[in-house]
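Read the numbers this way: they start at 1 and go in the same order the structure lists the ligands and their atoms. Small disclaimer: the values here were computed from a predicted structure and weren't measured.
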Amino acid sequence: MNTTNKILLVTGGSRGIGKSIAINAAKRGIGVILTYNHRKEQGEAVAAEINQAGGKAVALHLDTAAVQSFDHFKGQVVQALKDNWGRDTLDYLVNNAGIAQRSLIKDTTEAIFDELVNVNFKGVFFLSQTLLPLVKDGGHVINISSALARVSFPGSAVYGALKAGLESLTRYFAKELADRKIRFNSVAPGAIDTEFGGGKGDKAHRQQIASAVALGRLGDADDIGMYVASLLSEDSRYLNAQRIEVGGGIMI
Ligand SMILES: NC(=O)c1ccc[n+]([C@@H]2O[C@H](COP(=O)([O-])OP(=O)(O)OC[C@H]3O[C@@H](n4cnc5c(N)ncnc54)[C@H](OP(=O)(O)O)[C@@H]3O)[C@@H](O)[C@H]2O)c1
């Protein structure tokens, strides 16, 4: 069942926020191509869960740091679209895959810096560049940013600055793709309880984070997944080039 006749590609759909985006988009009748990197079984399990629930989903491998693989990946996307939906276009792209590498500035090596750049920034740029020819005119691209683009937290300098860069990049894409009426927005989650960066630590640390949130709790993957899925509809058709923070009111 693909009741909306819309198709989403979401990166990093094997777990966490990306998994929730995939499942909640499918619940809204959107066909889903999700990607996994290291966790093939989990990626395929998410697709199976959607298919068993009456939706339609396919899982493909993608390493967003491997720019040289993107042309091959695009070919696989075209094949998956043809085989499963009999078409060759996407409506929505959500660049969600990302990594955390917490280290103080004094401890940040070039290797840590480069890995963060490659996955969280360079990969998003070139994957979008590669896939945009497949995105229908009038489509919607959402980049997953972070509250750390707005607030500064020791150990997150490179990560936070790259997310801020991603938000800027989002506006540039909106500008340059305006002729195709493709909209670009960034969604910035607050502290979300996933495995990201090894998770949110022990009870005391989690309570400390929660105390900085107006709603008094960490978010869960569905707090973000449901919201992002809700943006994949005509209801948000005039939303463009915006940053939307979904963090329960963190550090306000
Ligand atoms: N959790 C938070 O507190 C939080 C807060 C703000 C923003 N965010 C952002 O939200 C997004 C998702 O985070 P999450 O919490 O869901 O993280 P997560 O639970 O750690 O999941 C990360 C996902 O990204 C994929 N991934 C990691 N490296 C990849 C690579 N090189 N190529 C392709 N896929 C890769 C993983 O795939 P495999 O498992 O298959 O390897 C997995 O599906 C990230 O962009 C993150 O920066 C998270």
So if I count the atoms of ligand 1 from 1 in the order they appear, which ones are less than 4.0 Å from some heavy atom of [X]?
X: G190; answer: 3 (O), 4 (C), 5 (C), 6 (C)
X: T64; answer: 30 (C), 31 (N), 32 (N), 33 (C)
X: R39; answer: 38 (P), 39 (O), 40 (O), 41 (O)
X: K200; answer: 1 (N), 2 (C), 3 (O)
X: S145; answer: 6 (C), 7 (C), 8 (N), 9 (C)

For ligand 1, which is the ligand I care about here, please tell me if [X] has any N or O atom under 3.5 Å from one of the ligand's N or O atoms.
X: A147; value: no
X: Y36; value: no
X: S146; value: no
X: P189; value: no
X: G12; value: yes
X: Y159; value: yes

Considering heavy atoms of the protein only, find what lies nearest to [atom] and give residue, atom and distance to 0.1 Å.
atom: atom 33 (C) of ligand 1; answer: L62 O, 3.1 Å
atom: atom 12 (C) of ligand 1; answer: N96 OD1, 3.2 Å
atom: atom 18 (P) of ligand 1; answer: R15 NH1, 3.5 Å
atom: atom 27 (C) of ligand 1; answer: G98 O, 3.7 Å
atom: atom 16 (O) of ligand 1; answer: I17 N, 2.7 Å
atom: atom 38 (P) of ligand 1; answer: S14 OG, 3.3 Å
atom: atom 14 (P) of ligand 1; answer: T194 OG1, 3.6 Å
atom: atom 17 (O) of ligand 1; answer: F196 CD1, 3.2 Å

Are the side chain of [X] and the backbone N or O of [Y] linked by a donor-acceptor pair below 3.5 Å?
X: N143; Y: T170; value: no
X: R180; Y: L132; value: yes
X: K200; Y: I192; value: yes
X: N24; Y: I21; value: no
X: S236; Y: L231; value: yes

Side chains of [X] and [Y]: is there a donor and an acceptor less than 3.5 Å apart?
X: T11; Y: N96; result: no
X: E167; Y: S186; result: no
X: S230; Y: D235; result: no

Fill in: Residues forming a side-chain contact (heavy atoms from CB on, under 4.5 Å) with I105, sequence neighbours excluded
A157
Practice prompt. Would you indicate which of A97, A59, G225 comes nearest to atom 26 (N) of ligand 1 when only heavy atoms are counted?
Written response: A97
Discussion item. I'd like to know whether D91 forms a salt bridge (Lys or Arg N to Asp or Glu O under 4.0 Å) with R87, so could you lay out the CA-CA distance, the side-chain angles of the two residues, the decisive distance to 0.1 Å, and finally the verdict.
Written reply: CA-CA 11 Å; D91 297 280; R87 55 186 269 190; 2.9 Å; yes
Worksheet item: Mind checking whether K19 has a heavy atom under 4.0 Å from ligand 1?
Response: no
Practice prompt. Mind running side-chain hydrogen bond (donor to acceptor under 3.5 Å, both in side chains) on H140 and N185 for me, showing each step along the way?
Written response: CA-CA 8 Å; H140 191 179; N185 293 289; 2.9 Å; yes
Item to complete: Determine, step by step, whether E234 and K6 satisfy the salt bridge (Lys or Arg N to Asp or Glu O under 4.0 Å) criterion, reporting the C-alpha distance in whole Å, the side-chain angles of both residues, the deciding distance to 0.1 Å, and the verdict.
Response: CA-CA 11 Å; E234 276 296 286; K6 303 284 188 193; 5.5 Å; no
